[in-house]
Amino acid sequence: MDVQFMCAMMVSRLLLSYALLIYNTGFSAGDIVYVETGASVQLNIQREKLPAELDDIMWKNERSQNLVKYLIKSNDVKPHSTYIDRVDFNTETFSLTLKNMQKIDSGIYRAIASSENDINIAEHKVSVIDAVKAPVLTVNSIWSITEPCNFTCTADNLTIINYYSTSCSDEVKSSGIYNLNLKCTDDFIICNYSNPVSWKIDTKTLQQLCAFNPDDNRWWGCLKSEALT
Ligand SMILES: *[C@@H]1O[C@H](CO)[C@@H](O)[C@H](O)[C@H]1NC(C)=O
Ligand SMILES: *[C@@H]1O[C@H](CO)[C@@H](O)[C@H](O)[C@H]1NC(C)=O
Ligand SMILES: *[C@@H]1O[C@H](CO)[C@@H](O)[C@H](O)[C@H]1NC(C)=O
């Protein structure tokens with residue numbers, strides 16, 4: 001089979017190449033509640049800590065602002081003036097929903113139930129972070145069917161270098177809460193970059209990155225990396 005012809009076909013397929021960008025928002029990992037910038041977060045109380053006698057419930061942030069004050073007898077909800085459009089308080093569950101979270105909103109949130117004494121009924125460490133940037137999957141083989149199909153999966157400061165012959169080994173690299181995950185199937189190479197609030201992938205078919213040699217049933221190098229960018 002003509003390798004040059006196969007490679008030329010791959011270049012045209014690359015023009016149709018796509019990157020799937022999918023992400024989820026907001027969930028907790030360990031003690032920290034991670035929230036994507038701009039998203040909402042719901043903070044719940046620990047019901048078992050509620051005292052029998054209860055006058056009011058207050059949600060506070062680290063800056064001593066009372067985000068919401070709920071006076072039980074009068075069923076009166078008082079949001080902080082600077083949070084009026086951004087908080088929802090549920091008078092049944094006493095949970096607090098904060099909307100349009102920004103990085104400056106990161107910090108510790110507490111709920112306090114008061115009667116004769118103050119009782120801490122919730123404490124959440126909230127961290128607002130951006131969605132990850134898309135990773136990039138590039139081939140770094142030379143134009144040759146005798147060179148391995150080497151490729152690089154990279155995002156921010158993480159890089160995975162690997163190659164495909166009859167398969168490739170899955171690999172993960174981490175930096176704090178950021179993970180770069182390489183996965184290979186019989187047809188695809190998937191580069192997946194994630195943090196607790198989001199993930200994005202760059203996925204390419206083997207035909208886009210490598211050349212198949214039917215004589216030995218292996219995938220070999222094909223395009224120069226420049227051809228992919
Ligand atoms: C491809 O990877 C193999 C194995 O890691 C290495 O020996 C070779 O030098 C690499 N070739 C290129 C062109 O990067
Ligand atoms: C790597 O990048 C992430 C995301 O931008 C950053 O949070 C982290 O501090 C960086 N790590 C190093 C070692 O530079
Ligand atoms: C990418 O990684 C995230 C986090 O591990 C995972 O939830 C998601 O399903 C992965 N996506 C794909 C397409 O494998």
Side-chain angles (χ1 to χ4, degrees), residues 20-135 155-158 172-181 192-201:
L20 282 176
L21 305 176
I22 308 167
Y23 54 89
N24 311 313
T25 55
F27 62 96
S28 69
D31 294 323
I32 303 177
V33 182
Y34 288 100
V35 185
E36 185 178 339
T37 308
S40 300
V41 63
Q42 181 183 317
L43 303 175
N44 299 323
I45 64 152
Q46 290 174 275
R47 287 205 81 84
E48 68 279 8
K49 288 195 176 170
L50 275 178
E53 286 289 309
L54 197 54
D55 294 332
D56 55 61
I57 293 207
M58 205 135 70
W59 275 98
K60 288 170 172 289
N61 64 12
E62 255 180 306
R63 286 168 280 160
S64 306
Q65 291 174 313
N66 299 329
L67 304 177
V68 164
K69 199 169 177 172
Y70 177 50
L71 310 173
I72 293 187
K73 292 199 176 83
S74 57
N75 193 29
D76 195 9
V77 178
K78 290 185 171 168
H80 192 276
S81 61
T82 60
Y83 282 85
I84 283 178
D85 301 330
R86 289 187 51 207
V87 292
D88 267 337
F89 178 76
N90 186 315
T91 55
E92 304 282 310
T93 63
F94 306 144
S95 68
L96 179 78
T97 300
L98 293 160
K99 295 180 250 179
N100 190 19
M101 293 291 278
Q102 300 300 317
K103 293 201 186 81
I104 193 172
D105 298 317
S106 294
I108 294 169
Y109 290 78
R110 291 190 177 87
I112 291 148
S114 314
S115 51
E116 281 194 327
N117 303 309
D118 282 353
I119 295 167
N120 209 334
I121 52 168
E123 183 166 313
H124 299 282
K125 189 167 189 213
V126 173
S127 179
V128 182
I129 57 174
D130 289 333
V132 289
K133 287 186 242 157
D156 286 332
N157 45 27
L158 294 171
V172 184
K173 280 201 176 159
S174 301
S175 167
I177 54 170
Y178 293 81
N179 286 308
L180 187 64
N181 199 315
N192 184 347
Y193 189 44
S194 61
N195 66 12
V197 300
S198 65
W199 56 270
K200 287 184 179 135
I201 60 175

Measure from the side-chain N and O atoms of [X] to the backbone N and O of [Y], and report whether any donor-acceptor pair falls under 3.5 Å.
X	Y	value
Ser174	Gly176	no
Asn66	Lys69	no
Ser198	Val132	yes

Nearest non-hydrogen partners of [X] and [Y], listed with the distance:
X	Y	value
Ala113	Pro51	CB-CD, 3.9 Å
Ser40	Thr97	CB-CG2, 4.4 Å
Ala131	Lys200	CB-NZ, 4.2 Å
Ile32	Ser127	CG2-CB, 3.6 Å
Asp55	Lys73	OD1-NZ, 2.9 Å
Glu92	Arg47	O-NH1, 3.5 Å

* Asked: Parallel, tilted or perpendicular: which describes the rings of Phe89 and Tyr70, with under 30° parallel and over 60° perpendicular?
  -> tilted
Heavy-atom distance under 4.5 Å between the side chains of [X] and [Y], does that happen here?
X	Y	result
Asn179	Lys173	no
Leu180	Tyr178	no
Asp156	Tyr193	yes
Val41	Val33	yes

Can you list, pair by pair, the side-chain donor-acceptor contacts under 3.5 Å of residues 77-87, counting residues two or more places apart and other chains?
residue : atom : partner : partner atom : Å
His80   : ND1  : Thr82   : N            : 3.2
His80   : ND1  : Thr82   : OG1          : 2.8
Tyr83   : OH   : Arg63   : NH2          : 3.4
Arg86   : NE   : Lys99   : O            : 2.9
Arg86   : NH2  : Lys99   : O            : 3.3
Arg86   : NH2  : Asp105  : OD2          : 2.7

Distance from [X] atom [atom1] to [Y] atom [atom2], nearest 0.5 Å?
X	Y	atom1	atom2	value
Ser194	Asn181	OG	CG	7.0 Å
Tyr109	Gln65	OH	CD	9.0 Å
Leu67	Leu43	CG	CG	9.0 Å
Asn61	Leu98	CG	CG	9.0 Å

* Begin with the C-alpha distance, continue with both residues' side-chain angles, and end with the deciding distance and a verdict on side-chain contact (heavy atoms from CB on, under 4.5 Å) for Leu96 and Gln42. => CA-CA 6 Å; Leu96 179 78; Gln42 181 183 317; over 6 Å; no
* More than 12 heavy atoms of other residues, nucleotides or ligands under 6.0 Å from NZ of Lys60: is that the case? -> yes
For residues 114-124, tabulate all N or O donor-acceptor pairs below 3.5 Å that involve a side-chain atom, not counting sequence neighbours.
residue : atom : partner : partner atom : Å
Ser114  : OG   : Asp56   : OD1          : 3.3
Ser114  : OG   : Asp118  : OD1          : 3.0
Ser115  : OG   : Glu53   : O            : 3.3
Glu123  : OE1  : Arg110  : NE           : 3.0
His124  : NE2  : Asn44   : O            : 2.7

* Would you please test Met101 and Thr37 for side-chain contact (heavy atoms from CB on, under 4.5 Å) and show each step? => CA-CA 6 Å; Met101 293 291 278; Thr37 308; over 6 Å; no
* Verdict with supporting geometry, Ile112 and Ile57, side-chain contact (heavy atoms from CB on, under 4.5 Å) -> CA-CA 6 Å; Ile112 291 148; Ile57 293 207; over 6 Å; no
* To do: Check the side chains of Asn195 and Tyr34 for a donor-acceptor pair under 3.5 angstrom, ignoring hydrogens and angles.
  => no
